[in-house]
Amino acid sequence: MKKVHLIEHPLIVHKLTMLRDKHTQSKDFREIVREMSLLMAYEVTKDFPLKEIEIETPLATTRQKVMSEKNVVIVPILRAGLGMVDGFLSIMPNAKTGHIGLYRDPKTHLPVEYYKKLPMDVLDREVILVDPMLATGVSIVAALNKLKEAGCKDIKLVVILACTEGLEAIHKVHPDVEIYCAGIDEVLNENKYIVPGLGDAGDRLFGTK
Ligand code: URA
């Protein structure tokens, strides 16, 4: 089973508290999600390979390290995952973006795919699946199933807030997927919202109800 990376940097902890606060309005909520995603991208890219190149400083020719081209695709789960894309792209401007849209069937309660678009070369890329909330894990497990059906092997999952039940659900079905999060809450309420949580991430990002 892959490790869960709980990112406890003070900047991230501070920003998560601001997200949790119900008085934080959409504009600030969006900005904080973007900033947290950017900061989390540092942790996610920690194992990315470096290679040596030759450069000239104003004083000498020298061999120094740069990141070797690791091809990445950011895949947000629609719609709340969209809030995390810009933060990742701001430090990985050459990454491509795929999209997976899922809704929950009101009768079966099972996730149904309504949209999927991945880059043609997705199999040559590391996938970073993003969604702010890992609650029951049902839709994230479904998104991971879709990615694996498409042939993706190298997948990381980045969420802002997870709960224990969701983490266990992912581990059970996708033990190979490394998970990054900024907080872990214990409880889901009867509507499957994380408690204390931060509410409905999609509604708070986009100002809907
Ligand atoms: N999705 C959300 O947006 N919030 C939760 O608490 C759980 C799932």
Side-chain angles (χ1 to χ4, degrees), residues 4-8 12-40 74-88 97 99-116 128-147 155-174 177 179-209:
V4 175
H5 302 263
L6 174 61
I7 309 173
E8 292 179 294
I12 299 245
V13 173
H14 177 88
K15 287 178 191 296
L16 178 57
T17 300
M18 291 165 74
L19 284 188
R20 289 182 186 277
D21 186 338
K22 70 175 185 181
H23 300 294
T24 302
Q25 298 299 309
S26 277
K27 176 181 174 294
D28 292 329
F29 193 92
R30 266 196 307 278
E31 184 56 20
I32 298 164
V33 168
R34 195 189 72 79
E35 290 168 351
M36 287 184 77
S37 306
L38 187 155
L39 294 169
M40 292 176 86
I74 317 295
V75 181
I77 300 179
L78 303 179
R79 71 187 159 139
L82 290 174
M84 298 177 71
V85 173
D86 273 2
F88 274 88
T97 308
H99 295 88
I100 294 183
L102 299 163
Y103 71 87
R104 184 178 286 223
D105 184 290
K107 285 206 183 99
T108 63
H109 301 293
L110 293 174
V112 181
E113 177 189 308
Y114 65 87
Y115 188 76
K116 184 171 86 205
I128 302 180
L129 181 66
V130 296
D131 194 350
M133 307 298 277
L134 170 54
T136 60
V138 172
S139 46
I140 294 183
V141 165
L144 289 167
N145 290 343
K146 299 286 171 199
L147 289 168
I155 309 173
K156 288 178 174 168
L157 168 66
V158 185
V159 301
I160 288 187
L161 189 58
C163 80
T164 320
E165 184 178 321
L167 288 169
E168 283 165 5
I170 306 289
H171 283 323
K172 206 162 138 199
V173 189
H174 296 290
V177 173
I179 305 174
Y180 295 78
C181 60
I184 302 175
D185 287 357
E186 292 300 320
V187 183
L188 280 180
N189 71 9
E190 63 283 5
N191 297 318
K192 306 297 181 193
Y193 278 89
I194 300 176
V195 181
L198 51 78
D200 187 302
D203 281 347
R204 296 198 63 195
L205 278 165
F206 300 116
T208 49
K209 250 278 171 278

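Since we're looking at a predicted model, the values are computed, not measured. Start at 1 and go down the list; that is how both ligands and their atoms are numbered.
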Checklist outcome for this item: Ordered by chain then number, the protein residues lying under 4.0 Å from ligand 1 by heavy atom are Met133, Ala135, Lys192, Tyr193, Ile194, Gly199, Asp200, Ala201
Checklist outcome for this item: Only one of Val177, Leu134, Ile179, Val173 passes side chain to side chain contact (heavy atoms under 4.5 Å, CB included) with Ile140, and that residue is Leu134
Checklist entry - Are any of the side-chain heavy atoms of His174 and Ile155 separated by less than 4.5 Å? => result no
Item to check | Qualifying salt bridge (charged side-chain N to carboxylate O under 4.0 Å, His left out) pairs with a residue from residues 158-173, counting only residues at least two apart or across chains | outcome: none
Next on the checklist: Check this for me, if you would: do Asp203 and Arg79 make a salt bridge, where the nitrogen-to-carboxylate-oxygen distance has to be below 4.0 angstrom?
Outcome noted: yes
Which donor-acceptor pairs under 3.5 Å do the side chains of residues 12-19 make with protein atoms, sequence neighbours left out?
residue, atom, partner, partner atom, Å
Lys15, NZ, Glu35, OE1, 2.6
Thr17, OG1, Val13, O, 3.2

Item to check | Pairing residues for Arg30 by the salt bridge (Lys or Arg N to Asp or Glu O under 4.0 Å) criterion, not counting sequence neighbours | outcome: none
